[in-house]
Amino acid sequence: MNEYQENIKYLIQRPKTPVIKPAMHRSIFNKSIQREFKLNKGCHQTMGYAEVKVNGPCQFLKKNTRKVIRPFVDNTKTTIKNPVRYPCGPNKPSPKKEISKNFLRENIVDVVRRVPLLPKHRVQDSRKGHIIVLNEAGLEPTYVLKKDFGKLPLYIEKIFKKNETVRLVEIERTQAIKPPLRRLPEEECYELLTGLKTNWAELNRQFLLLPMLTDTVTKIKRKTNLENQLGSLEKDITLLEKYSALYVCNDDV
């Protein structure tokens, strides 16, 4: 609707709603900052800044006017003009003779014997001449073709052999002190059998409470897990009931 259309309701002046601004943020460190500012405000009132004598306009810096005093260093070396040479006795080592090397000839021989480098495998991937070196870009399986790829490093094999040797020696020492197996007493066998049957009854109760329809992955996993646990418990119960004398391994071996 047009704002200037003739209507009596537009003649009544409406009161303007005041704009309520949010409270201005004030830092909790405001007072401490003001206090520190007032303390450091008049730090030069008593003595003032250091007065430095300023040179006149005519006394500007000219060439070779600044004197630089360097420390005196004596570079003279004492040399012996006629050194005394002692004869080489049976216990004294003979002086080493300096062997002159022909570096030019050695460099020529080194270049001749050197194996020439293989050309790099390059691929041009654009019409503007952009080239990719496959050996350096990691696009060729160079690391996989190494002789020691996938093998255990030598230092790890040494550590493993050392630890394995120590473990075997400790096992042999323990077995020499104590027998590795002990017979299970009847009381402990009865308690073990009772606990296994109790656990089997609890798992069987949970298995019977499962829904008839296993249509989700969670139900299938739960049913499979309960069946595996029940089968393991049944094997243990059968083993305990079948044999009267059982030997178990010690815990410290």
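Just so you know, residue 1 is the first one in the sequence shown, and it goes up from there.
- For the residue pair Gly129 and Gln124, the shortest heavy atom distance occurs at CA-NE2, 3.2 Å.
- Looking only at side-chain heavy atoms (C-beta outward), Val123 and Leu134 come within less than 4.5 Å of each other.
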| message | Apply side chain to side chain contact (heavy atoms under 4.5 Å, CB included) to residues Lys219 and Leu210 and explain how you reach the verdict. | response | CA-CA 8 Å; Lys219 293 179 182 180; Leu210 289 175; over 6 Å; no

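- Minimum heavy-atom separation, Leu203 to Leu230: CB-CD2, 3.6 Å.
- Using a 4.5 Å heavy-atom cutoff, the side chains of Arg167 and Asn163 are not in contact.
- Note that Lys62 lies in the cation-pi zone of Phe60, set by a 6.0 Å cut-off to the ring centre and a 45° limit from the axis.
- Linking Ile, Leu, Val, Met, Phe, Trp and Tyr whenever their side-chain heavy atoms come within less than 4.5 Å puts Ile237 and Tyr243 in one cluster.
- Residues Pro185 and Glu188 have side chains in contact (heavy-atom distance under 4.5 Å, counting atoms from C-beta outward).
- For Asn30 (side chain) and Arg26 (main-chain N/O), no donor-acceptor pair under 3.5 Å exists by modelled atom type.
- More than 12 heavy atoms of other residues, nucleotides or ligands shown are found within 6.0 angstrom of CZ on Phe207.
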| said: Val133 vs His121, test: side chain to side chain contact (heavy atoms under 4.5 Å, CB included). Steps then yes/no. | reply: CA-CA 6 Å; Val133 182; His121 190 185; over 6 Å; no

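- Judged by distance alone, the side chain of Thr198 and the main-chain N or O of Thr194 form a donor-acceptor pair under 3.5 Å.
- Remark: the Asn102 side chain and the Glu106 side chain contain no N/O donor-acceptor pair separated by less than 3.5 Å.
- Heavy-atom neighbours of Glu202 CD from other residues, nucleotides or ligands within 6.0 Å: above the threshold of 12.
- More than 12 non-hydrogen atoms from other residues, nucleotides or ligands lie less than 6.0 angstrom from CD of Glu164.
- With rounding to the nearest 0.5 angstrom, the NZ atom of Lys161 is 9.0 Å from the CG atom of Leu154.
- Ion pairing between a basic and an acidic side chain is recognised when a charged N comes within 4.0 Å of a carboxylate O; Glu157 and Lys162 show no such pairing.
- Hydrophobic clustering (side-chain heavy atoms under 4.5 Å, transitive across Ile, Leu, Val, Met, Phe, Trp, Tyr) groups Ile28 together with Ile33.
- Linking ILVMFWY residues whenever their side-chain heavy atoms come closer than 4.5 Å, directly or via other members, leaves Leu226 and Ile220 in distinct clusters.
- Side-chain atoms of Asn107 come within 3.5 Å of backbone atoms of Phe103 as a donor-acceptor pair (strictly under, hydrogens ignored).
- Other residues, nucleotides and ligands contribute only 12 or fewer heavy atoms inside 6.0 Å of the NZ atom of Lys221.
- The two atoms that bring Cys189 and Leu240 nearest to each other are SG-CD2, 3.8 Å, heavy atoms only.
- To the nearest 0.5 Å, atoms NZ (Lys158) and CD1 (Ile156) are separated by 12.5 Å.
- The backbone N or O of Phe29 sits less than 3.5 Å from a side-chain atom of Ser32, completing a donor-acceptor pair.
- Expressed to the nearest 0.5 Å, how far OG1 of Thr165 lies from CD of Glu170 amounts to 13.0 Å.
- The same ILVMFWY cluster, assembled from side-chain heavy atoms under 4.5 Å apart, contains both Ile159 and Leu152.
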